[in-house]
Every structure is written in C-alpha cells, then in structure tokens.
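Source: prediction; values computed, not measured. Residue numbering restarts at 1 for every chain, and letters A, B, ... go by the order of the sequence lines.
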Number of protein chains: 2
Amino acid sequence: MQTHSEENYLKAIWKLVEHSGENVNTNAIAALVHTRAASVTDMMKKLSDKKLISYQPYKGVSLTAKGERVAIEVVRKHRLWEVFLVEQLGYKWDEVHDIAEQLEHIRSSTLTEKLDKFLGFPKVDPHGDLIPDKSGKISKQQQIPLAQLESGNKAIMTGVADHSTLFLRFLDKHKIHLGDTIETKEKTTYDSSMEISVNRKKNIHISNEVAKNILVRKSRS
Amino acid sequence: MQTHSEENYLKAIWKLVEHSGENVNTNAIAALVHTRAASVTDMMKKLSDKKLISYQPYKGVSLTAKGERVAIEVVRKHRLWEVFLVEQLGYKWDEVHDIAEQLEHIRSSTLTEKLDKFLGFPKVDPHGDLIPDKSGKISKQQQIPLAQLESGNKAIMTGVADHSTLFLRFLDKHKIHLGDTIETKEKTTYDSSMEISVNRKKNIHISNEVAKNILVRKSRS
DNA sequence: TTTTATTTTTAGACACCCCTAACTTTATTT
DNA sequence: AAATAAAGTTAGGGGTGTCTAAAAATAAAA
Ligand SMILES: [Mn+2]
Ligand SMILES: [Mn+2]
Ligand SMILES: [Mn+2]
Ligand SMILES: [Mn+2]
C-alpha cells in the first residue's frame with residue numbers, strides 16, 4: 001500500500017523512463033512532482049526500502065517490476081478519470097489534469113474496473129495517451145512530432161507532447177483536434193515553422209515550437 | 001483550505017451535532033473518525049485556531065458558521081459521489097461508503113456542481129440521506145424510527161440509522177428497500193419486536209434492534 | 001590535470017497526524 | 001463531603017513529507 005506521495009513519485013519516474021529510457025535523475029523527478037532535490041532523495045530511500053525502485057546514490061533510479069506495476073496502475077486510473085471528466089461531466093481537455101491528479105489516488109479494489117466498464121473500455125485519454133489495460137499492458141504509441149513530418153505528407157493527429165493549459169487552449173482556438181488529418185504544405189527552412197492544412201480545409205502557419213508538441217501518426221497514403 | 005483529516009473531523013462534529021443538538025464530546029468524535037481521544041484534542045486545538053470550531057477545554061465543541069460550511073460541503077460531496085457509485089457504476093448501497101469517504105476530499109471549484117448536474121440534481125443519497133444543495137442548505141428530514149410507529153400504522157421507508165454493511169445487507173436479504181410501504185401489524189410487548197408487512201405483501205418479523213434502525217415517514221392515510 | 005560548475009546527498013528543522021501513558025478535571029457514588 | 005469513576009488533556013514520542021543550507025560526488029571546462 002502506497003501513500004499518495006509515493007504514487008506520485010512512482011508515476012513521475014515511470015514517465016521519465018518512458019521518455020528517456022535511461023536511469024532517471026533526481027532533478028527531473030523534482031521538477032515533475034514539484035518538490036526539491038533533497039525531498040526526492042529522501043523519497044528515493046523510502047521507495048528503495050520498499051523495493052519499488054532500484055536506487056544507487058548519485059547514479060539515478062529505475063523502477064522495479066513491483067514499482068512499475070504500481071506506477072502503471074496510477075496512470076491507468078489517471079487517464080480513465082480524465083475520460084470520465086471530459087466525456088461524462090463535460091470538462092474541456094485542458095481542465096482535467098489537476099482533478100485527475102487527485103482522483104488517481106482513490107483506493108478501491110473494484111472502482112477502476114467498474115469505471116472502465118462504465119466508460120466503455122476507452123483506449124485513449126482526452127490527450128491521446130494510451131490507457132493501460134487491466135493487466136497493466138500498454139502498447140507503444142506509433143507517433144512522431146509533426147515537426148518531423150516531411151513536406152507534402154499527410155498524417156493524423158494522435159496526441160500532444162505538451163499537456164499545458166496554454167498549449168491545449170491554443171490548439172482549441174485554432175480548431176486543431178485529435179483525429180484531425182494534417183498535411184504539411186510548406187516548411188520554412190529559416191525557423192522551421194510550417195504551413196499545414198487541417199482536415200484538408202483550413203491552412204495554418206505554425207511555429208516549430210508548436211509542431212514539436214503536436215504528435216501524429218503518418219497515414220499510409 | 002483544509003486537510004483531509006480536518007475535513008473528516010469537521011464532518012464528524014457536524015453529524016454529532018445533528019443527532020444530539022448539544023456540544024460534542026471528545027470520545028464521540030474519536031469513535032467516528034477512528035482515532036483516540038488524545039488525537040481529537042490535538043485536532044480540536046488546530047480547528048479552533050483556524051476558527052472552524054469553538055472549543056473550551058473539557059466543555060466540548062461546536063462548529064462555527066465557517067466550520068459548518070466546510071462540513072456541509074464535504075457531506076454534499078460524499079452523498080453525491082455515493083449516488084454516482086450506485087446509479088452510474090452499479091455498486092450496491094452497502095459498498096460505497098469507503099470509496100465516498102475518499103472521494104469527498106477531492107478538491108475542485110467546479111467538480112461538485114458538474115457532478116450534481118450529471119446526476120440530475122439528486123435530492124437524496126442511496127441511504128436516503130438528504131443531499132445539501134449548492135448553497136449548503138439542507139432541510140430536516142421528517143422521519144422517525146420504525147420502532148416508534150404505532151401498531152396498525154402505515155409508513156414509507158425513507159432511510160436507515162445504521163449504515164453498516166451488515167445491516168444494509170440484512171435489509172437487502174429481506175427485500176426491504178427505500179420507498180417501500182411498511183405497515184406495523186403487531187408489536188410484541190415483551191421484546192418490542194414487531195410483525196410488519198412490506199409493500200402490502202410480505203410479512204416479516206423484525207427485532208426492535210432492526211426496527212430502530214429503519215427510518216420511516218408516516219403516510220397521512 | 002587542475003579548477004570550476006553542476007548535480008546529488010546529508011544535516012537539521014518544521015508541520016502534520018497519530019499514538020500511549022500519565023495527569024487533571026468533571027461527574028457519579030457512597 | 002470524600003472517594004471513586006469517567007472523560008478529557010498534556011507530555012512525550014514516532015512516521016511522513018517537505019524545506020534550506022551545507023557538504024560531497026560527479027561532470028565539464030580550462
Ligand atoms: Mn497525483
Ligand atoms: Mn491525459
Ligand atoms: Mn473522508
Ligand atoms: Mn450515505
């Protein structure tokens with residue numbers, strides 16, 4: 001049984017491992033859980049004692065099988081609750097993170113499965129992130145940043161790399177949504193900005209900053 | 001902003017005041033929040049410092065207006081979540097308490113209202129308890145224990161005094177539910193047990209213990 | 001290879017929430 | 001009124017989770 005705080009740390013480590021593959025460093029964790037390095041070190045000792053991570057001072061940490069199981073369960077709950085908040089309660093996709101951050105810690109042996117069923121066993125959350133299944137399995141998303149798409153190629157938007165309210169609202173304002181077909185019209189060499197079309201209609205000019213945070217799946221056309 | 005623990009204490013005090021009217025004593029609180037008297041005293045000091053209760057050592061406590069507002073908000077959330085768990089997720093009425101005990105602490109300026117709307121603005125929770133409205137108003141339930149109903153009188157079951165799984169399952173087993181019409185057929189003077197009919201059909205013999213925990217509203221017939 | 005900068009850990013502290021044991025106050029008996 | 005019982009508080013302490021400041025280890029630069 002883990003505390004909320006322990007769960008938050010495990011989830012943070014899991015996310016960092018997903019992205020970097022490497023052992024995770026203290027400051028990165030501190031940034032994700034909004035604490036200081038010293039607090040992270042304290043927690044790493046506790047999680048290590050509980051065999052949830054493997055930890056060698058100064059050398060970073062990684063999750064044990066046990067720790068990963070816990071982390072994935074938290075991620076599963078977080079994403080399922082996000083689906084609930086958006087699809088059932090009518091929240092916008094930029095409003096749900098903080099609430100899900102709390103709901104993910106609700107402890108019950110039956111709640112997650114009932115919620116999953118109630119929601120119709122969704123595969124992805126409102127941000128396009130995959131929802132781990134009951135057993136903790138989660139397939140790797142085949143997606144790349146839009147910034148990497150060659151000129152003239154079509155793709156479907158499947159996710160976002162930046163989950164901030166600011167970015168999500170920016171996308172809303174420009175009517176760019178998950179599932180939209182995006183075509184790269186023209187790339188400017190100078191600043192790597194690009195002209196794109198959304199659903200074959202609207203043409204928009206976006207910066208490289210934005211293009212890096214839009215994740216797409218190349219359509220085999 | 002209160003901690004989970006503070007909210008639990010405030011809710012406990014609120015419940016005790018509802019039932020007794022009097023200043024609430026330390027041991028009663030300890031029993032409700034599953035702690036010891038010493039812990040209660042510690043917390044009373046903190047809540048008093050925060051002006052959430054008025055507290056005089058050895059003389060019991062009562063809620064300030066501020067404290068009552070917080071307590072009722074927690075109760076509102078608890079009961080709304082219980083409705084969600086039963087009506088949307090398919091839980092039984094004896095299974096939801098512990099989960100609602102956690103969900104009631106989810107902090108969000110918008111969640112409660114969205115949930116309330118989603119559920120269709122329910123008036124009562126799965127146990128017949130009234131749900132405070134958005135402004136914190138909660139009307140007094142006009143109900144009495146079935147044990148107090150005179151022989152030959154009809155009433156409608158509106159609630160339970162005992163929320164334990166054991167009792168709720170007992171009622172399920174005997175198909176006694178909220179909204180059922182209950183008529184007192186015969187009372188045994190010796191042990192105050194009684195013969196009742198449920199929905200004009202089934203006749204059941206129940207102990208006084210049980211009759212005290214079934215709450216009914218007399219039907220004006 | 002030194003020196004300097006960055007990262008990480010340790011030391012010491014504090015708020016929170018709970019506990020047991022001992023003491024004090026209040027209530028009840030005799 | 002004195003003795004006893006019950007209820008409530010204080011003293012002292014433990015685990016958790018966070019912090020700042022200082023020290024140690026590692027990485028980068030000169
Ligand atoms: Mn969280
Ligand atoms: Mn998400
Ligand atoms: Mn609670
Ligand atoms: Mn209830």
Side-chain angles (χ1 to χ4, degrees), chain A residues 1-13 16-17 19-20 22-63 67 70-71 74 98 101-102 104-107, chain B residues 1-13 16-17 19-63 67 70-71 74 98 101-102 104-105 107:
Chain A
M1 215 82 306
Q2 294 74 227
T3 64
H4 289 197
S5 212
E6 287 168 1
E7 290 185 347
N8 284 335
Y9 276 97
L10 290 172
K11 193 180 63 166
I13 296 168
L16 290 166
V17 171
H19 278 291
S20 70
E22 303 284 305
N23 266 22
V24 174
N25 49 307
T26 304
N27 277 325
I29 298 170
L32 263 197
V33 296
H34 304 107
T35 59
R36 301 313 182 86
S39 308
V40 174
T41 301
D42 285 348
M43 184 58 90
M44 294 309 102
K45 283 181 201 151
K46 203 199 315 182
L47 293 177
S48 184
D49 288 348
K50 291 191 173 185
K51 311 261 189 252
L52 293 162
I53 63 172
S54 65
Y55 168 58
Q56 233 104 26
Y58 295 103
K59 301 180 114 187
V61 300
S62 61
L63 295 171
V70 174
V74 175
D98 290 347
E101 198 62 40
Q102 301 173 61
E104 71 189 0
H105 304 294
I106 302 293
R107 211 176 297 288
Chain B
M1 215 81 307
Q2 294 74 227
T3 65
H4 290 196
S5 211
E6 286 168 2
E7 289 185 347
N8 285 335
Y9 276 96
L10 289 172
K11 193 181 64 166
I13 296 168
L16 291 166
V17 171
H19 278 290
S20 69
E22 302 284 304
N23 267 22
V24 174
N25 49 307
T26 304
N27 278 323
I29 298 171
L32 262 197
V33 296
H34 303 109
T35 58
R36 301 312 182 86
S39 308
V40 173
T41 302
D42 285 350
M43 183 58 90
M44 294 309 102
K45 282 181 200 150
K46 203 203 309 185
L47 293 176
S48 185
D49 288 349
K50 292 192 173 185
K51 313 259 189 251
L52 292 162
I53 63 172
S54 65
Y55 168 58
Q56 234 103 25
Y58 295 104
K59 300 179 115 188
V61 300
S62 61
L63 295 171
V70 174
V74 175
D98 290 347
E101 200 61 41
Q102 301 172 59
E104 72 190 359
H105 303 293
R107 211 176 295 288

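Taking only side-chain nitrogens and oxygens, B/Thr41 never comes nearer than 4.0 Å to OP1 or OP2 of D/dT10. For B/Ser39, a side-chain nitrogen or oxygen approaches OP1 or OP2 of C/dC19 to under 4.0 Å. Within the structure, every side-chain polar atom (N or O) of B/Ser5 is placed at least 4.0 Å from both OP1 and OP2 of C/dC16. Residue A/Asn27 places at least one side-chain N or O closer than 4.0 Å to OP1 or OP2 of C/dT8. For C/dT6, neither phosphate oxygen OP1 nor OP2 lies less than 4.0 angstrom from any side-chain nitrogen or oxygen of A/Tyr58. Residue A/Lys45 places at least one side-chain N or O under 4.0 Å from the OP1 or OP2 atom of C/dT10.
What separates CD of A/Glu22 from C1' of C/dT7 is a distance of 16 Å, to the nearest Å. If you measure from atom CE of B/Met43 to atom P of C/dA15, you get 15 Å, rounded to the nearest angstrom. Protein atom CD of A/Glu6 is 8 Å distant from nucleotide atom P of D/dT16, rounded to whole Å. The interatomic distance linking A/Tyr55 (OH) with C/dT7 (P) rounds to 16 Å, in whole Å. Straight-line distance from the CD atom of A/Gln56 to the P atom of D/dT26: 11 Å, rounded to whole Å. Summarising the geometry, the separation between CZ on B/Arg36 and P on C/dC18 is reported as 12 Å, rounded to the nearest angstrom. Put simply, CD on A/Glu7 is 15 Å from C1' on D/dT16, counting in whole angstrom units. If you take NE2 of B/His105 and P of C/dC16, they are 17 Å apart, rounded to a whole angstrom.
Using a 4.5 Å heavy-atom cutoff, the side chains of B/Ile13 and B/Met44 are in contact. Using a 4.5 Å cut-off on side-chain heavy atoms (C-beta onward), B/Gln102 and A/His105 make no contact. Within the 4.5 Å cutoff, no side-chain heavy atoms of A/Val74 are placed close to those of A/Leu10. Looking at heavy atoms from C-beta onward, B/Asn23 lies out of side-chain contact with B/Val61 at the 4.5 angstrom threshold. Proximity of A/Glu104 to A/His4: side-chain heavy atoms (C-beta onward) are nowhere separated by under 4.5 Å.
Closest contact between the side chain of B/Pro57 and the listed nucleotides D/dT9, D/dT18, C/dT9 involves D/dT9.
At a cut-off of 3.5 angstrom, counting only N and O atoms as typed in the model, there is no donor on one side facing an acceptor on the other between the side-chain of B/Asp42 and the base of C/dC16.
Between B/Lys50 and B/Thr35, the residue whose closest nucleotide on DNA chain C is further toward the 5' end is B/Lys50.
Across every strand in view, D/dA3 sits in a pair with C/dT28 that passes the Watson-Crick or G-U test at under 3.5 angstrom.
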